[in-house]
**Q** 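My structure is below; once you've seen it, I'll send some questions.
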Amino acid sequence: MSRSSRSCLAAALLATAAANASAKEPSYTNPLPLRLADGSLAESCADPSLLRDRTTTPTVWYMYCTMDPVSYKEREGKGWKFRMMPVYRSVDLVNWYFVRDAFDQRPAGLAGPKAGLWAPEPVYQNGSYYLYFTVTDVADAHSPEKGCEADSGIAVATSASPSGPWTPARDLVVAPRRAGAGCNFQWTFDPDVIEDGQGDRFLYYGSYGGGIYVQRLSRDGLKVEGDAVRIAAADRYEGAEVVRHGDAMRLWIPAFAG
């Protein structure tokens, strides 16, 4: 089949799919299938976060997951292979296909050698794609307590495409925040970005290890500005998710029942 014939066929299939989609509601069964590169199913996608590609028609969606083992088949040394925030792609929000890991390795100069990269938050702003994420143990160069493995912070990487490759910023967006002397830090986890409708963006972060806070993002999206304001009590909530509803902000914060 010629290239022009294939193009016509693809266009016809897309038109048929669009007509079918408008004629009936799409159906699905949980759990949704996440296909790895070899066609096998992924076992997990913790802290999933979605982003719509701004350049494609029809719409393409991307999903980003916390650093984790994703398949019982994948081993590394004597343990499971941890993927560095796997990224998946979908055109229907039901069937997802592996694209790549956001990083090949922990970002040098930002993350400690055993750090987890958690809770990715993808955002389109300033004409680029930003990926905010938790670093559970920042590199000593960014920590007030050298050798500590509990000094978490928020980092960001940028890309021209939602599929990457991602380039980590040199500095942290939110640095480790002390809770006491020594290696005693608040949990700077779970970034969530929201725009207020007037061009200002705010970063929500934190967890039940210290509370949830909000702080204004700089125009370039690479750091926070001004004072942090605690909006949820310490030792109780995690995973803030904020949406704008008209002129108001609505906040969802799962309670910790431990």
Side-chain angles (χ1 to χ4, degrees), residues 47-56 59-66 85 87 93 102 110 117-135 138 142 152-164 166-177 186-256:
D47 303 322
S49 191
L50 302 186
L51 178 71
R52 177 174 61 86
D53 190 340
R54 299 301 183 94
T55 65
T56 57
T59 300
V60 176
W61 296 89
Y62 288 83
M63 179 164 59
Y64 307 79
C65 313
T66 274
M85 297 196 301
V87 182
L93 294 175
L110 282 179
L117 310 178
W118 292 356
E121 167 73 353
V123 178
Y124 181 78
Q125 58 190 10
N126 301 326
S128 296
Y129 296 93
Y130 288 61
L131 187 61
Y132 296 87
F133 57 97
T134 303
V135 180
V138 304
H142 297 283
S152 56
I154 304 296
V156 68
T158 57
S159 176
S161 166
S163 63
W166 296 95
T167 302
R170 180 180 303 176
D171 296 318
L172 294 169
V173 181
V174 183
R177 302 166 299 134
Q186 296 184 17
W187 291 8
T188 306
F189 294 172
D190 301 338
D192 185 60
V193 176
I194 186 71
E195 185 177 335
D196 66 0
Q198 300 177 358
D200 291 323
R201 295 183 180 89
F202 296 85
L203 178 68
Y204 292 77
Y205 59 88
S207 186
Y208 46 81
I212 293 179
Y213 292 77
V214 61
Q215 208 163 353
R216 184 187 298 273
L217 269 175
S218 62
R219 289 292 180 180
D220 62 9
L222 301 180
K223 59 182 181 295
V224 288
E225 298 177 334
D227 295 331
V229 177
R230 193 171 77 178
I231 61 168
D235 307 319
R236 188 173 299 175
Y237 301 104
E238 66 172 348
E241 182 69 29
V242 184
V243 297
R244 182 163 59 88
H245 182 72
D247 294 330
M249 299 292 183
R250 299 291 177 87
L251 170 67
W252 284 265
I253 41 177
F256 172 61

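Remember, predicted model here, so these are calculated numbers, not experimental data. Count residues from 1 along the sequence.
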**Q** Heavy atoms only: give me the nearest A155-V135 pair and the separation to one decimal.
**A**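 Closest pair (atom of A155, atom of V135, distance): CB-CG2, 3.9 Å.
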
**Q** Under 4.5 Å between any side-chain heavy atoms of Y204 and I194, yes or no?
**A**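 SC-SC contact between Y204 and I194 confirmed.
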
**Q** Looking at side-chain heavy atoms only, is the closest gap between Y208 and R236 below 4.5 Å?
**A**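 A side-chain contact is absent here, since even the closest heavy-atom pair is not under 4.5 Å.
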
**Q** State whether a side-chain donor-acceptor pair under 3.5 Å links S163 with S161.
**A**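 Result is yes, a qualifying pair exists.
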
**Q** Salt bridge between D196 and R216, side-chain N to carboxylate O under 4.0 Å?
**A**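 Salt bridge absent between D196 and R216.
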
**Q** Within the 4.5 Å heavy-atom criterion, are Y62 and V87 side-chain neighbours or not?
**A**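 Yes; the side chains approach each other to less than 4.5 Å.
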
**Q** I would like to know whether V156 and L222 meet side chain to side chain contact (heavy atoms under 4.5 Å, CB included); could you show each step before the answer?
**A** CA-CA 7 Å; V156 68; L222 301 180; 3.8 Å; yes

**Q** Rounded to the nearest 0.5 Å, what separates atom CD in E225 from atom CG in L203?
**A**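 It is 12.0 Å, given to the nearest 0.5 Å.
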
**Q** SG of C65 to CG of D47: how many Å apart, nearest 0.5 Å?
**A**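 CG of D47 is found 9.0 Å from SG of C65.
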
**Q** Taking D192 for its side chain and V242 for its backbone only, find out whether a donor-acceptor pair lies under 3.5 Å.
**A**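 Yes, D192 side chain to V242 backbone: donor-acceptor pair under 3.5 Å.
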
**Q** I need the minimum non-hydrogen distance between A232 and Y237, along with the two atoms involved.
**A**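 Taking every non-hydrogen atom into account, CB-CD1, 3.8 Å.
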
**Q** Between T59 and R52, is the side chain to side chain contact (heavy atoms under 4.5 Å, CB included) condition met? List the steps.
**A** CA-CA 7 Å; T59 300; R52 177 174 61 86; 3.5 Å; yes

**Q** Quick check on R170: does its CZ atom have over 12 non-hydrogen neighbours (other residues, nucleotides or ligands) under 6.0 Å away?
**A**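 No, CZ of R170 has 12 or fewer neighbouring heavy atoms, counting only those of other groups under 6.0 Å.
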
**Q** Taking all non-hydrogen atoms of both residues into account, name the closest pair between S49 and P122 and its distance.
**A**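 So the two residues come closest at OG-CD, 3.1 Å.
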
**Q** So, using side-chain hydrogen bond (donor to acceptor under 3.5 Å, both in side chains) as the criterion, who are the partners of Y64 when residues are at least two apart?
**A**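 side-chain hydrogen bond (donor to acceptor under 3.5 Å, both in side chains) list for Y64, sorted by chain: empty.
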
**Q** Roughly how far apart are E238 CD and I212 CD1, rounded to 0.5 Å?
**A**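 CD1 of I212 is found 8.0 Å from CD of E238.
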
**Q** Are Y132 and L217 close enough that some pair of their side-chain heavy atoms sits under 4.5 Å apart?
**A**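 Yes, side chains in contact.
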
**Q** Rounded to the nearest 0.5 Å, what's the gap from CG on L50 to CG on L93? Could you check?
**A**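 Result: 6.5 Å between the selected atoms.
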
**Q** With rounding to the nearest 0.5 Å, note down the distance linking OH in Y205 to CZ in R177.
**A**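 Between atom OH of Y205 and atom CZ of R177 there are 5.0 Å.
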
**Q** Of the non-hydrogen atoms in D190 and G239, which two are nearest, and what is the gap between them?
**A**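 For D190 versus G239, the nearest heavy atoms are OD2-N, 3.1 Å.
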
**Q** Taking side-chain hydrogen bond (donor to acceptor under 3.5 Å, both in side chains) as the test, write out the residues that go with D53, two or more places apart.
**A**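 Partners of D53 under the side-chain hydrogen bond (donor to acceptor under 3.5 Å, both in side chains) test: T55, Y129.
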
**Q** Using every non-hydrogen atom in the two residues, find where G211 and R230 come nearest and quote the distance to one decimal.
**A**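 In terms of heavy atoms, the two residues are closest at CA-CD, 4.3 Å.
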
**Q** Could you give me the CA-CA distance, side-chain angles and deciding distance for M85 and F133, then say whether side chain to side chain contact (heavy atoms under 4.5 Å, CB included) is met?
**A** CA-CA 9 Å; M85 297 196 301; F133 57 97; 3.7 Å; yes

**Q** Who are the side chain to side chain contact (heavy atoms under 4.5 Å, CB included) partners of W118, not counting sequence neighbours?
**A**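 If we apply the side chain to side chain contact (heavy atoms under 4.5 Å, CB included) test to W118, skipping adjacent residues, the hits are T66, T134, T136, F189.
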
**Q** Is R201 salt-bridged to E195, going by a charged N under 4.0 Å from an acidic O?
**A**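 Counted as a salt bridge, because a side-chain N and a carboxylate O are separated by less than 4.0 Å.
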
**Q** Looking at N126 and R219, would you say the former's side chain and the latter's main chain have a donor-acceptor pair under 3.5 Å?
**A**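 The answer is yes, because a donor-acceptor pair under 3.5 Å joins these two groups.
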
**Q** For S218 and D220, test the side chains for any donor-to-acceptor distance below 3.5 angstrom and give the result as yes or no.
**A**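 Result is yes, a qualifying pair exists.
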
**Q** Check whether Q215 reaches the backbone of G226 with its side chain - one donor and one acceptor, N or O, closer than 3.5 Å.
**A**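 Here the side-chain-to-backbone pair exists.
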
**Q** Which pair of non-hydrogen atoms, one from S152 and one from V138, has the smallest distance, and what is that distance?
**A**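 Answer, listing the atom of S152 first, then V138: C-CG1, 4.0 Å.
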
**Q** Between atom CG of L110 and atom CG of L117, what is the distance when rounded to the nearest 0.5 Å?
**A**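 Between atom CG of L110 and atom CG of L117 there are 9.5 Å.
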
